[in-house]
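First comes the structure, then the notes that go with it.
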Number of protein chains: 2
Amino acid sequence: MVARFIVKVILTIVKTILTKPWQLPIMPPMVIKQHQSQKTRHRKKQSESDHRAAFKLSTREKIIEAATTVFSDFPYYAASIRMVGKEANIDHPLINYYFPTKALLFEEVLRQVIGEYYQAHLEWFDGLFELGPEQGLSLYIDRLLEFSKSHPNALRIILLNLVQAEGSDIIPGYTLIREFFKKTMQTFIEAIPLKGSVSDIQKLTTSFNTLAINFLGANTYHASILGMTPHSKEYLRWVKDSMMFMILPRLKQIIG
Amino acid sequence: MVARFIVKVILTIVKTILTKPWQLPIMPPMVIKQHQSQKTRHRKKQSESDHRAAFKLSTREKIIEAATTVFSDFPYYAASIRMVGKEANIDHPLINYYFPTKALLFEEVLRQVIGEYYQAHLEWFDGLFELGPEQGLSLYIDRLLEFSKSHPNALRIILLNLVQAEGSDIIPGYTLIREFFKKTMQTFIEAIPLKGSVSDIQKLTTSFNTLAINFLGANTYHASILGMTPHSKEYLRWVKDSMMFMILPRLKQIIG
DNA sequence: AAAAAGGTTTAACGAACGTTAAAAATTTTA
DNA sequence: TAAAATTTTTAACGTTCGTTAAACCTTTTT
């Protein structure tokens, strides 16, 4: 009796799980890591029939896009699946069809957004060191600003979920943010021809990242303090001037 | 035989699945709109009888203290009245007796915490300019670190609620934060004997504040990236070193 | 054309939320 | 000490939350 009940419950669970096309690694943005426990069945179908892919992806992508917007407006626990559904013009349970839990959706958005940022960031170093510290930094910041104009969400999402309660539970995907920062810092350290100590480079890059995240992620805030409009050229110029002003002296010293 | 094998496999799968932290949104939902109809009854009572204030405040203060803790762990919409009640060992509706709405409680906490910070901040300038830029800045940062050790909440609360959605409703008391920053910046400008342009001082103080807020308000985050403990002397030393490192060159230039 | 599978919508669940109202307990006033 | 006022507790309300189940289309497979 009891055994039969238990088996039934288990079967239900398994069936439910196997039914849903969870993680479908569609167009991995930068692929920090992908889930490995997925069913080949779905993947096969997807790669087999490409004429359907366009439509299929459309819903999933609509969700991710909307989620990116919502999660860049509200911290994790304040954002809701229903907001995402509304933003995507979709019935909200459909989101659970593609992403069984809110945590998984958030992680996917985070992974994607951070991946884009990281990949772009790598390219910002191209042809920088021939320019010397001043023009090199200037170009780097220009590229950063340009990216932040077309991808205003990454820095906001990170900043929104950066502070965590000490005692309580940590946000899903929090390690993604940490790893991202570590890797970014590492890139700097490896990319900059050393003349200063590693710890000095660490201080500089941490400060750079912190200022960038705050000035661009909390642009509404800083701009309003300065009496400017968040997206105005005036404010972007102030951001660049400020970052040049703060970073350049020590950068010169480090590069020599 | 086969059945037993299948059951075993299923159990393994289920166990694996149940181990994963998908589910269970541990945290609360949000309420966007705020009610504006509050009862004058309560406010009148509060201000009328002052001789009972000592005892009354004891409950009231317990609430504010608990609320300060909660609001420094969770952003406004993620924090809840019930958390505060639990933290204060109080039935949560009692909170509504002293603070008719969550917004009013938050504003009070914000006002108090920001007030403490601002007042302390004014005293940090005492006897600074005889020391010159380097030792002066050092002493100022020491005072800041000391304050942040005894009042770890102010910077966290500010940082937690700093980013705001552009389109959506603004957090109650948001203007308090903005005004606080403006005033802080003004203090700097008036206190520092000018040799540089006002706009340079503005850049410097904004950067200083931003770094301080992030390093001290998101200490868990930054410390973990550096492989340190948030409250360790090692991390506090890193914060001081970093801020000296970043601020000093331009400060010297401005003061001359 | 029928069956199967995939995708979407509808309805509902249990839990947590802010807030309110009224009862109960406590303190103050008379 | 009795009455009045204040404080605290209990119970409940209406919402919103994440998630689930089942019905309902739509597409694909057989």
Side-chain angles (χ1 to χ4, degrees), chain A residues 9 12-13 15-22 24 39 41-42 44-46 48-60 62-63 67 70 74 76-86 88-106 172, chain B residues 22-39 41-42 44-60 62-63 67 70 74 76-86 88-106 172:
Chain A
V9 168
T12 308
I13 294 174
K15 189 185 167 189
T16 306
I17 286 163
L18 292 184
T19 310
K20 298 197 173 181
W22 289 340
L24 291 186
K39 299 146 300 166
R41 222 178 73 224
H42 286 137
K44 215 170 57 182
K45 274 188 189 167
Q46 215 178 301
E48 271 176 358
S49 53
D50 285 348
H51 54 288
R52 256 177 294 126
F55 183 64
K56 256 198 206 166
L57 286 185
S58 148
T59 297
R60 207 187 125 99
K62 249 198 297 183
I63 292 174
V70 171
F74 301 94
Y76 178 72
Y77 288 123
S80 81
I81 292 288
R82 282 169 161 89
M83 287 182 194
V84 176
K86 209 168 190 175
N89 284 322
I90 270 179
D91 293 304
H92 70 269
L94 187 55
I95 296 169
N96 285 96
Y97 179 76
Y98 290 94
F99 303 92
T101 67
K102 180 184 174 185
L104 283 176
L105 174 59
F106 181 70
Chain B
W22 291 336
Q23 59 270 40
L24 291 188
I26 309 147
M27 289 310 318
M30 72 173 286
V31 176
I32 292 184
K33 55 186 174 189
Q34 283 296 334
H35 305 256
Q36 62 225 30
S37 62
Q38 40 218 18
K39 302 153 297 174
R41 216 181 79 224
H42 287 138
K44 212 171 59 181
K45 276 184 193 169
Q46 241 169 259
S47 54
E48 270 178 357
S49 52
D50 285 348
H51 52 288
R52 260 175 287 123
F55 182 66
K56 256 200 208 165
L57 283 186
S58 146
T59 295
R60 209 185 121 97
K62 249 198 298 183
I63 292 174
V70 171
F74 301 94
Y76 178 74
Y77 287 122
S80 82
I81 292 287
R82 281 167 160 91
M83 287 182 195
V84 176
K86 208 169 189 176
N89 285 321
I90 269 179
D91 294 305
H92 70 270
L94 186 55
I95 296 169
N96 285 96
Y97 178 74
Y98 290 94
F99 304 91
T101 67
K102 180 184 174 184
L104 284 176
L105 174 60
F106 182 71

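None of these values were measured; they are calculated from a predicted model. Below, chains carry the letters A, B, ... as their sequence lines are ordered, and counting in each starts from 1.
When the C1' atom of C/dG18 is taken as reference, atom CE of B/Met83 falls 13 Å away, rounded to whole Å. Going from atom CG of B/Leu105 over to atom P of C/dG18 covers 10 Å, rounded to whole Å. C/dA25 atom P lies 16 Å from atom CG of B/Leu94, rounded to whole Å. Whole-Å rounding puts the A/Ile95 CD1 to D/dT20 C1' distance at 15 Å. The CD1 atom of A/Ile63 sits 11 Å away from the C1' atom of C/dG7 (whole-angstrom rounding). The distance from atom OH of A/Tyr97 to atom P of C/dT10 is 17 Å, rounded to the nearest whole Å. When the P atom of D/dC17 is taken as reference, atom OH of B/Tyr77 falls 12 Å away, rounded to whole Å. Between the CG atom of A/Asp91 and the C1' atom of D/dC25 there is a distance of 13 Å, rounded to whole Å.
To the nearest 0.5 angstrom, A/Ile90 atom CD1 is 4.5 Å from A/Ile63 atom CD1. With values rounded to the nearest 0.5 angstrom, B/Asp91 atom CG is found 14.5 Å from B/Tyr97 atom OH.
You'll find that the side chain of A/Ile81 is closest to D/dT19, out of C/dT8, C/dG18, D/dT19. Taking every side-chain heavy atom of B/Asn96 into account, C/dT20 is the closest of C/dT20, D/dT19, C/dC17. Of the listed nucleotides (C/dC17, D/dT10, C/dG7), C/dG7 has the atom at the smallest distance from the side chain of A/Tyr98.
Between B/Ser80 and the phosphate of C/dA16, there is no side-chain N or O to OP1/OP2 separation shorter than 4.0 Å. OP1 or OP2 of D/dT8 sits under 4.0 Å from a side-chain N or O of B/Thr59.
Considering all non-hydrogen atoms of both residues, A/Phe74 and A/Ala79 come closest at CB-N, 3.7 Å. Annotation for B/Ile81 and B/His92: closest pair CG2-O, 3.9 Å, computed over non-hydrogen atoms.
Taking A/Pro172 as the reference, A/Tyr76, A/Ala103, A/Phe106, A/Glu107 meet the side chain to side chain contact (heavy atoms under 4.5 Å, CB included) condition, with sequence neighbours excluded.
At distances below 3.5 Å, not a single donor-acceptor pair connects side-chain atoms of B/Lys62 with backbone N or O atoms of B/Asn89.
The one candidate from A/Asn96, A/Leu94, A/Ile95 that meets the side-chain contact (heavy atoms from CB on, under 4.5 Å) condition with A/Tyr98 is A/Leu94.
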Are any protein N/O atoms closer than 3.5 Å to N/O atoms in nucleotides 11-14 of chain C? If there are, list each pair with its distance.
none

